[in-house]
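Counting starts at 1 for both ligands and their atoms, following the listed order.
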Amino acid sequence: MAVITKKICMLGDFGVGKTSLIRRFVEQSFSDQYLSTVGVKLSRKSLEFSDLDQEAKLLIWDIEGQTKFKAIAASYLQGAAGVVIVGDVTRSETIQHFQDHLNLFYSANPKGKAMLVLNKTDLIEPAVSQKLEAFLEEAIANVSGIYQTSAKTGTNVDTMFERLAKELIIAP
Ligand code: G3D
Ligand code: MG
């Protein structure tokens, strides 16, 4: 089985659930409380796609201790094959910032793949998050997928990361 290593970055406003999504995906766990550390954290997870005879080794980069005014270092995005852009469905401004995050990612990686993630869907009615997804489909072009997730319940978390990994394997 061929092995391919890909860097994935998490982008999104503070508190939207980036770290929680990684924890859910990598450790299959969710903690309502944990301590943030400062800097960048790397997580690893391997996924096997037997139908493609490929193993994807994902290196997931996460900014810890992020603040509103701290600029994202160029090295954070450099060489990333994919990005997961996360918003909090209970804070619309975090979703309004999606295009800015996407532009930042594409300026560093024009051929990268992007996923848009509406997180914390456990906190709102399904009809509301459905509307948000429909809005994003109209408003934002050039993404590989839009997902409604909950890092708390685990809904769609694995599906989203697996879809992105598959895109990265298939991508030229
Ligand atoms: P960040 O890494 O994007 O800054 P975190 O965000 O992963 O640190 O999450 C911020 C807060 O949102 C955390 O709560 C976390 O538990 C909560 N959270 C993350 N994802 C979800 C979700 O899907 N549903 C719900 N209900 N909460 C979520 P605290 O209280 O620790 O600040
Ligand atoms: Mg975090």
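Under a cut-off of 6.0 angstrom, the local environment of CD in E93 is crowded, with over 12 non-hydrogen atoms contributed by other residues, nucleotides or ligands.
Remark: the backbone N or O of D13 is paired with a side-chain donor or acceptor of K18 at under 3.5 angstrom. Put simply, the side chain of R24 gets close to the backbone of K152: a donor and an acceptor are under 3.5 Å apart. The closest donor-acceptor contact from the side chain of S150 to the backbone of T153 lies under 3.5 Å. In this structure, the side chain of K7 engages the main chain of Y76 through a donor-acceptor pair within 3.5 Å.
The shell of residues lying under 4.0 angstrom from ligand 1, judged by heavy atoms, includes G15.
Contacts between V16 and ligand 1 below 4.0 angstrom, taking non-hydrogen atoms only, involve backbone and side chain alike.
For the pairing with N119, the side-chain hydrogen bond (donor to acceptor under 3.5 Å, both in side chains) check across T149, N156, D88 returns one residue only, T149. The side chain to side chain contact (heavy atoms under 4.5 Å, CB included) with M10 is formed by just one residue from the set D62, V16, V117; it is D62.
For ligand 1, one of its N or O atoms has an N or O atom of S20 under 3.5 Å away. Considering backbone and side-chain atoms alike, F14 places every N or O at 3.5 Å or more from each N or O of ligand 1. For a threshold of 3.5 Å applied to N or O pairs, the pair formed by T149 and ligand 1 contains no separation below that value. Ligand 1 has an N or O atom lying under 3.5 Å from an N or O atom of T19, backbone or side chain.
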**OP:** Apply the test side-chain hydrogen bond (donor to acceptor under 3.5 Å, both in side chains) to residues E55 and S46: give CA-CA distance (whole Å), side-chain angles for both, the deciding distance (0.1 Å), then the verdict.
**Re:** CA-CA 7 Å; E55 177 182 346; S46 287; 3.3 Å; yes
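Annotation for ligand 1: atoms under 4.0 Å from non-hydrogen atoms of L123 are 26 (N). Per-residue contacts place N119 under 4.0 angstrom from the following atoms of ligand 1 (heavy atoms of the residue considered): 20 (N), 21 (C), 23 (O). Ligand 1 places these atoms under 4.0 Å from at least one heavy atom of D122: 22 (C), 23 (O), 24 (N), 25 (C), 26 (N). Listed by number with element, the atoms of ligand 1 under 4.0 angstrom from any heavy atom of S150 are 23 (O).
The closest non-hydrogen atom to atom 23 (O) of ligand 1, taken over G154, A151, G12, comes from A151. Closest to atom 27 (N) of ligand 1 by heavy atom, among R23, M10, K120, K18, is K120.
Residues V3 and K57 form a side-chain contact, since some pair of their non-hydrogen atoms from C-beta on lies under 4.5 Å apart.
The Mg ion (ligand 2) has an N, O or S atom of T19 under 2.8 Å away, backbone or side chain.
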